[in-house]
Protein chains: 2
Amino acid sequence: MTASAARTEPRPSPRKRAGNGAARRTDADEIGLDALVGHAGYAVRRFQIWIFQDFIKTLGEVDIRPTQYSVLTVIGANPGLSQMAVAKRLGIERARLVHLLDSLEQRKLVKRIKSKADRRSHALHLTAPGETALAKFKRLAAEHERHVVEKIGKENRELLLQILAGFT
Amino acid sequence: MTASAARTEPRPSPRKRAGNGAARRTDADEIGLDALVGHAGYAVRRFQIWIFQDFIKTLGEVDIRPTQYSVLTVIGANPGLSQMAVAKRLGIERARLVHLLDSLEQRKLVKRIKSKADRRSHALHLTAPGETALAKFKRLAAEHERHVVEKIGKENRELLLQILAGFT
DNA sequence: GACAATTGTTGTCGTCAACAACAATCTTTC
DNA sequence: GAAAGATTGTTGTTGACGACAACAATTGTC
């Protein structure tokens with residue numbers, strides 16, 4: 001991870017206003033964003049939408065969405081976790097996780113096992129088919145990740161991961 | 001914008017599995033993410049949630065959400081745009097923009113003016129109070145942006161903007 | 001043993017992306 | 001210049017998702 005990455009276009013012309021009122025520039029996408037350029041949130045939002053769309057499309061053949069993938073990955077790496085623990089780790093609300101697990105359990109990828117230590121909680125495990133399915137999901141996710149590299153470049157992707165490492 | 005930014009923690013211990021089955025590590029957040037670390041989408045998603053929450057909170061006193069702010073900004077910088085043009089520029093669906101504008105028009109920040117050139121479309125303008133309100137929104141948005149700098153650092157924020165410039 | 005906290009669950013609400021359909025209005029094409 | 005097709009704004013539906021609130025069962029604490 002050297003430096004010297006992170007250059008793209010030479011900036012899309014700062015433009016302010018457009019002079020005449022009802023001009024005829026609505027057709028092209030030559031519309032100034034003004035203050036929006038320079039807002040990290042806007043750029044991040046647009047990128048996040050793009051990246052999720054690509055993920056959903058790339059994992060479309062197996063019908064797995066990003067959140068489902070994150071749940072399966074965490075359970076696969078930490079078998080026996082409670083729902084509360086998974087929810088907290090992924091920043092999902094436990095109410096939301098209930099539905100996610102309902103769906104994944106119906107598809108026989110995950111099973112909830114009543115914990116004997118704490119009879120309130122469920123120990124989450126992948127099923128046998130769940131394990132093999134997750135392996136395939138990971139291959140497809142790696143393909144998606146290659147799309148990201150094609151889009152922003154290898155170095156920029158790694159920079160991004162470093163910058164945002166504190167949020168994972 | 002030199003280089004040498006983008007370092008954070010020395011990585012949170014790669015850990016794989018945890019050995020024993022129903023261990024007692026559900027309480028702390030020392031849970032491995034396995035394949036999730038290394039996925040740009042996951043990091044971006046978490047960051048985007050954080051940044052939106054801060055934006056919503058910082059602009060809470062004026063009750064303006066990120067999407068509303070982006071719409072106002074674009075209209076303010078390009079008066080007379082049609083709804084279609086704004087939607088296309090911001091990557092919003094025109095169906096969604098209808099409700100956004102309904103709300104902003106009720107609050108007297110924006111007005112739809114029937115275009116004489118194309119009687120199907122509306123020319124969008126800020127009202128007088130809309131102009132002054134937007135000025136205040138921009139000040140608050142700048143404050144939010146300072147929070148981002150506090151969180152990830154000045155250099156990393158600029159790196160981020162450069163990396164993602166192609167998506168704006 | 002009484003009381004507070006936790007876990008999974010159910011439900012509601014609001015935001016948002018993705019579609020589909022429609023009437024009014026251009027634009028194209030013959 | 002009339003018919004066919006495309007565009008604009010609108011309405012509606014669906015589903016994923018975050019945020020809350022409430023609840024029963026269970027555990028922990030004092």
Side-chain angles (χ1 to χ4, degrees), chain A residues 22 24 26-27 41-42 45-57 59-60 63-71 80-105 110-124, chain B residues 24 26-27 41-42 45-46 48-57 59-60 63-71 80-105 110-124:
Chain A
R24 190 139 278 27
T26 58
D27 39 336
Y42 181 70
R45 174 60 171 165
R46 295 296 297 258
F47 180 57
Q48 189 258 321
I49 290 175
W50 179 88
I51 210 170
F52 264 47
Q53 281 174 340
D54 185 87
F55 187 99
I56 293 169
K57 194 170 124 198
L59 293 245
D63 191 29
I64 288 290
R65 314 190 98 258
T67 313
Q68 296 176 312
Y69 179 76
S70 69
V71 170
L81 282 188
S82 70
Q83 298 186 193
M84 193 62 216
V86 171
K88 204 184 298 180
R89 184 64 188 86
L90 289 177
I92 301 173
E93 277 202 66
R94 63 189 204 279
R96 168 113 191 80
L97 186 60
V98 171
H99 301 297
L100 285 167
L101 288 175
D102 286 348
S103 163
L104 294 174
E105 203 170 25
V110 165
K111 57 188 171 203
R112 291 186 247 222
I113 299 178
K114 279 174 290 189
S115 168
K116 313 196 80 169
D118 186 339
R119 305 211 316 268
R120 292 170 302 182
S121 68
H122 295 158
L124 300 175
Chain B
R24 191 141 282 20
T26 59
D27 39 337
Y42 181 69
R45 175 60 170 163
R46 295 297 296 259
Q48 189 257 321
I49 289 175
W50 178 88
I51 209 169
F52 264 47
Q53 281 174 340
D54 185 86
F55 186 98
I56 292 168
K57 194 170 123 199
L59 292 245
D63 191 28
I64 287 291
R65 315 190 94 255
T67 315
Q68 295 175 312
Y69 179 75
S70 70
V71 170
L81 283 188
S82 70
Q83 299 186 191
M84 192 63 216
V86 171
K88 204 184 297 178
R89 186 63 187 85
L90 290 177
I92 302 172
E93 277 202 67
R94 63 190 204 278
R96 168 116 190 79
L97 187 60
V98 171
H99 301 297
L100 284 168
L101 288 175
D102 285 349
S103 163
L104 294 174
E105 204 170 24
V110 165
K111 57 187 173 208
R112 291 186 245 221
I113 298 179
K114 279 174 291 190
S115 169
K116 311 198 81 168
D118 186 340
R119 305 209 319 265
R120 293 171 300 182
S121 67
H122 294 157
L124 301 174

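Below, read A as the first sequence line, B as the second, and so on, with proteins coming before strands; counting in each chain starts at 1.
- Rounded to whole Å, atom P of C/dA17 lies 12 Å from atom CD1 of A/Ile56.
- The backbone N or O of B/Leu59 sits nowhere less than 3.5 Å from a side-chain atom of B/Arg65 that would complete a donor-acceptor pair.
- Atom NE2 in B/His99 sits about 7 Å away from atom C1' in D/dT11, given to the nearest Å.
- Spacing between atom CZ of A/Arg96 and atom P of C/dC13 amounts to 18 Å, rounded to whole angstrom units.
- When the side-chain nitrogen and oxygen atoms of B/Arg112 are compared with OP1 and OP2 of D/dT10, one or more of them lie within a distance under 4.0 Å.
- The base of D/dG9 sits with one of its N or O atoms less than 3.5 Å from a complementary donor or acceptor on the side chain of B/Arg94.
- Distance A/Arg45 CZ to D/dC17 P: 12 Å, rounded to the nearest Å.
- Note on B/Arg120: every side-chain N or O is 4.0 Å or more away from OP1 and OP2 of C/dA24.
- Across all strands, B/Glu93 comes closer than 4.0 Å to base atoms (heavy-atom distances).
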For this session: Kindly determine whether B/Ile92 and B/Val71 satisfy side chain to side chain contact (heavy atoms under 4.5 Å, CB included), including the steps that lead there.
Result: CA-CA 10 Å; B/Ile92 302 172; B/Val71 170; 4.0 Å; yes
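- Interatomic distance, CD of B/Glu105 versus CG of B/Leu124, reported as 8.5 Å (0.5 Å rounding).
- Among the atoms of the strands shown, only primed sugar atoms or phosphate atoms (P, OP1, OP2) are found under 4.0 Å from some heavy atom of B/Arg119.
- Ranking C/dT10, D/dG9, C/dC19 by closeness to the B/Ala95 side chain, first place goes to C/dC19.
- If you check C/dG8, D/dT11, D/dC17 against the side chain of A/Thr67, the one that comes closest is D/dC17.
- Contacts between residues 47-55 of chain A and DNA chain C, defined by a heavy-atom separation below 4.0 Å, involve A/Ile49, A/Gln53, listed by number.
- When distances run from any side-chain atom of B/Ser82 to the nucleotides C/dC26, C/dT10, D/dG9, the shortest one goes to D/dG9.
- Picking from C/dT9, C/dA17, C/dT7 the nucleotide with the shortest atom distance to the side chain of A/Ser121 gives C/dT7.
- Each of B/Pro66 and A/Val98 was matched to the nucleotide of DNA chain C holding its nearest heavy atom; the match closer to the 5' end belongs to A/Val98.
- Two residues, A/Leu101 and B/Gln68, neighbour DNA chain C, and the one matched to the more 5' nucleotide by heavy-atom proximity is A/Leu101.
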